[in-house]
Amino acid sequence: MPENKNNKIIVRPPVVVVMGHIDHGKSTLLDYIRETTITENETGGITQGISAYEVMHRDENGQDKKITFIDTPGHEAFSKMRERGAEIADIAILVVSAEDGVKIQTIEAWKTIVESKIPCIVAINKIDKEDANIEKTKKELAENEIYLENYGGTIPFVEISAKVGTGVNDLLSLILILTEMENLTGDSDLPASGFVIEANLDSRRGIMATLLIKNGSIKKGMTVVAEDTICSTRLIENFLGKMIGEASFSSPIRVIGFDKMPRAGAQFKTFQKKGDAIKYIENWQEEKNVEKSKNTKGKNKETNKTIKKIIPIILKADVSGSIEAIEKEIDKIKNKITNEVNSENVEFKIVAKGVGPISESDIKGISSGADTLVIGFNVKIDKSALEVAEKRGINITFFEIIYKMTEWLEKQMEERRPKIETMETTGRAKIIRAFSRTKERQIVGGKVAEGQINLNSAVRIIRREFEIGRAKIVNLEKNKTKTSEVAEGAEFGMMVESKIEIVAGDIVESFAVTQK
Ligand code: GDP
């Protein structure tokens with residue numbers, strides 16, 4: 001690899017994402033590249049489906065160069081790109097079928113690419129087909145302001161057949177030329193950082209995640225952190241599923257042993273010392289809480305800390321088209337719910353999906369009492385799977401109509417999401433006189449400064465602006481007569497149950513707790 005003056009900063013391989021309209025050939029292209037560049041005996045472990053892979057391609061100067069492809073075509077790659085912009089991928093390939101021309105998702109993908117400000121190559125696909133019309137496709141691209149080289153613009157393009165392989169070599173060469181122009185570099189001495197591409201639960205091995213390193217290096221024994229999830233890397237695998245001791249930028253790796261499911265799209269960092277990793281998580285959580293409290297309206301409100309709840313889903317359906325449609329629905333629920341108050345604390349995560357009846361192997365990893373929802377869409381369940389499910393009390397639900405499933409899922413989300421407790425101050429009083437205490441009871445006198453004070457309500461005792469304890473009002477009197485409430489401006493006497501001795505000058509605040 002060429003090195004420059006500062007010997008740690010070196011050129012790094014590009015990370016490429018393939019985008020475009022459904023059925024225009026994204027998977028076929030990724031499969032073709034994978035199958036023709038990775039030899040048979042290497043693919044042993046690849047069946048596990050790590051969602052990115054590396055290939056070698058010879059450049060114009062006869063040098064072999066690495067290219068990393070993110071192998072999650074379609075919807076998933078798309079939303080991750082949107083979320084993280086240019087940070088995940090360095091180059092985008094926009095696949096357009098020469099048979100169908102420009103379609104809605106072609107335009108959506110293009111918008112994302114433009115927003116991400118990453119270079120793009122247009123791959124005009126399916127040129128082997130009888131109905132392919134390359135000229136018409138180019139014209140439609142121009143009509144949508146996608147101006148190709150020699151067609152009024154500068155966007156490089158290749159005409160390919162992902163199925164037969166025509167032009168794919170040229171596409172790979174073009175990627176390397178573009179990489180050269182981009183001058184992508186990384187520092188191999190830094191601890192690795194990058195993005196979580198995918199995470200899933202393996203019933204045997206635990207929670208594992210595919211990570212894409214964008215800078216630095218990782219060695220076995222280092223600790224990986226993604227938001228508030230942590231993993232000591234006893235096991236690192238490369239994209240072929242082979243155990244490795246270290247990895248560097250642009251490489252996809254799989255690490256096993258996260259404590260919680262990391263979020264796809266989340267940024268990860270690595271640390272030599274576990275203690276530093278834990279500190280990072282604490283800082284991250286603190287920052288998150290600050291952000292949250294900034295977003296909470298009302299000056300007297302205090303929001304308790306909450307942790308995001310993930311509801312795992314195992315999805316089996318009749319055909320892959322149904323799975324795709326259901327995934328879109330689940331995404332829609334996510335967007336809909338996150339637009340409402342306090343619902344950012346829950347999320348569905350499809351941990352496994354597939355075509356065919358629900359089988360024992362689908363559910364064998366779910367323990368009794370787990371939160372996992374198993375959904376069968378237009379499929380049945382095997383007898384042995386049913387027995388396991390009944391024994392462990394696993395929740396399996398069947399649907400034939402998508403909107404019924406959506407309604408049900410929305411309900412599940414509402415029921416399961418962690419409720420946020422909001423504390424609202426209802427009254428504030430200044431203590432003027434404090435009398436002696438007996439055991440945990442004390443009589444005090446004061447004046448209501450704001451709101452009102454109620455019998456039987458809980459109060460916070462505040463001294464020099466800090467809460468020092470809590471108390472309960474067990475008797476309340478105004479003008480020496482028992483009462484149930486005292487309003488603003490009035491003086492009162494009260495008996496409280498409190499472990500802390502109240503003194504003159506303290507403030508008591510009554511509050512109400514609501515759950516949302
Ligand atoms: P995706 O939804 O964009 O991932 O599209 P797929 O890769 O699944 O391709 C959709 C269909 O088009 C499949 O039946 C492919 O076999 C077919 N296809 C993809 N590329 C080509 C191509 O270059 N030539 C021909 N003849 N068929 C193709």
Side-chain angles (χ1 to χ4, degrees), residues 285-309 337-346 411 413-516:
Q285 278 167 333
E286 234 165 70
E287 271 170 34
K288 183 114 197 189
N289 284 330
V290 170
E291 246 170 61
K292 227 183 241 165
S293 62
K294 267 191 204 155
N295 294 337
T296 313
K297 292 190 195 97
K299 60 174 181 195
N300 285 333
K301 285 187 183 174
E302 182 187 296
T303 307
N304 285 352
K305 287 177 194 171
T306 47
I307 293 161
K308 185 167 208 150
K309 174 162 182 169
I337 303 271
T338 40
N339 285 337
E340 291 164 16
V341 217
N342 291 343
S343 301
E344 70 267 29
N345 302 313
V346 61
K411 222 171 100 207
M413 185 173 257
E414 176 53 32
E415 279 172 12
R416 287 156 189 258
R417 75 175 169 82
K419 305 287 185 288
I420 294 180
E421 283 195 346
T422 310
M423 196 186 282
E424 204 161 349
T425 306
T426 51
R428 172 193 282 264
K430 185 161 184 180
I431 303 300
I432 302 164
R433 247 166 268 117
F435 303 100
S436 62
R437 290 165 58 85
T438 54
K439 278 191 185 161
E440 289 184 358
R441 291 195 161 198
Q442 186 177 9
I443 294 170
V444 295
K447 186 175 177 182
V448 180
E450 231 178 84
Q452 62 181 41
I453 297 287
N454 294 74
L455 179 65
N456 293 327
S457 76
V459 292
R460 313 198 296 161
I461 308 163
I462 295 168
R463 189 170 299 163
R464 289 191 209 96
E465 291 177 22
F466 287 102
E467 178 179 330
I468 54 163
R470 297 206 174 172
K472 189 182 170 204
I473 303 176
V474 291
N475 189 16
L476 190 60
E477 286 183 6
K478 192 174 142 190
N479 301 328
K480 300 220 160 82
T481 317
K482 285 193 178 190
T483 178
S484 59
E485 62 175 59
V486 185
E488 196 169 315
E491 290 198 2
F492 62 89
M494 67 177 177
M495 181 189 277
V496 293
E497 269 174 12
S498 152
K499 288 202 170 67
I500 289 190
E501 182 166 0
I502 299 175
V503 298
D506 284 351
I507 303 285
V508 294
E509 270 184 9
S510 59
F511 58 89
V513 175
T514 45
Q515 276 204 337
K516 272 189 202 152

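Basis for what follows: all heavy atoms, side chains included, without hydrogens, waters or symmetry-related copies.
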Do you know the tightest heavy-atom contact between I502 and V496? CD1-CG2, 3.8 Å
So how far is it from [X] [atom1] to [Y] [atom2], rounded to the nearest 0.5 Å?
{"X": "R428", "Y": "F511", "atom1": "CZ", "atom2": "CZ", "value": "13.5 Å"}
{"X": "R437", "Y": "I500", "atom1": "CZ", "atom2": "CD1", "value": "8.5 Å"}
{"X": "I473", "Y": "N454", "atom1": "CD1", "atom2": "CG", "value": "7.5 Å"}
{"X": "R460", "Y": "I507", "atom1": "CZ", "atom2": "CD1", "value": "12.0 Å"}

Holding to side chain to side chain contact (heavy atoms under 4.5 Å, CB included), I want the full list of residues that pass it with S510, two or more places apart in sequence or in another chain. T426, I453, S457, V459
Any donor-acceptor pair under 3.5 Å from Q442 side chain to F435 backbone: yes
According to side chain to side chain donor-acceptor pair (under 3.5 Å), does anything in residues 498-507 pair up with another residue at least two apart or in another chain? List the pairs. R463-D506
Quick one: salt bridge (Lys or Arg N to Asp or Glu O under 4.0 Å) partners of E497, sequence neighbours excluded? R441
Using the rule given for side chain to side chain contact (heavy atoms under 4.5 Å, CB included), can you reason through I431 versus V508, listing the C-alpha separation, both sets of side-chain angles and the distance that settles it, and then say yes or no? CA-CA 7 Å; I431 303 300; V508 294; 4.1 Å; yes
Who are the side-chain hydrogen bond (donor to acceptor under 3.5 Å, both in side chains) partners of E491, not counting sequence neighbours? none
Knowing that exactly one of M494, M495, R433 qualifies, which makes a side-chain contact (heavy atoms from CB on, under 4.5 Å) with I443? M495
F492 vs E477, side chain to side chain contact (heavy atoms under 4.5 Å, CB included): CA-CA, chis, key distance, verdict: CA-CA 6 Å; F492 62 89; E477 286 183 6; over 6 Å; no
Which atom pairs, donor and acceptor, lie under 3.5 Å between side-chain atoms of residues 478-487 and protein residues at least two apart or in another chain?
unit_1, atom_1, unit_2, atom_2, d
T481, OG1, N479, O, 3.1
T483, OG1, E485, N, 3.4
T483, OG1, E485, O, 3.1

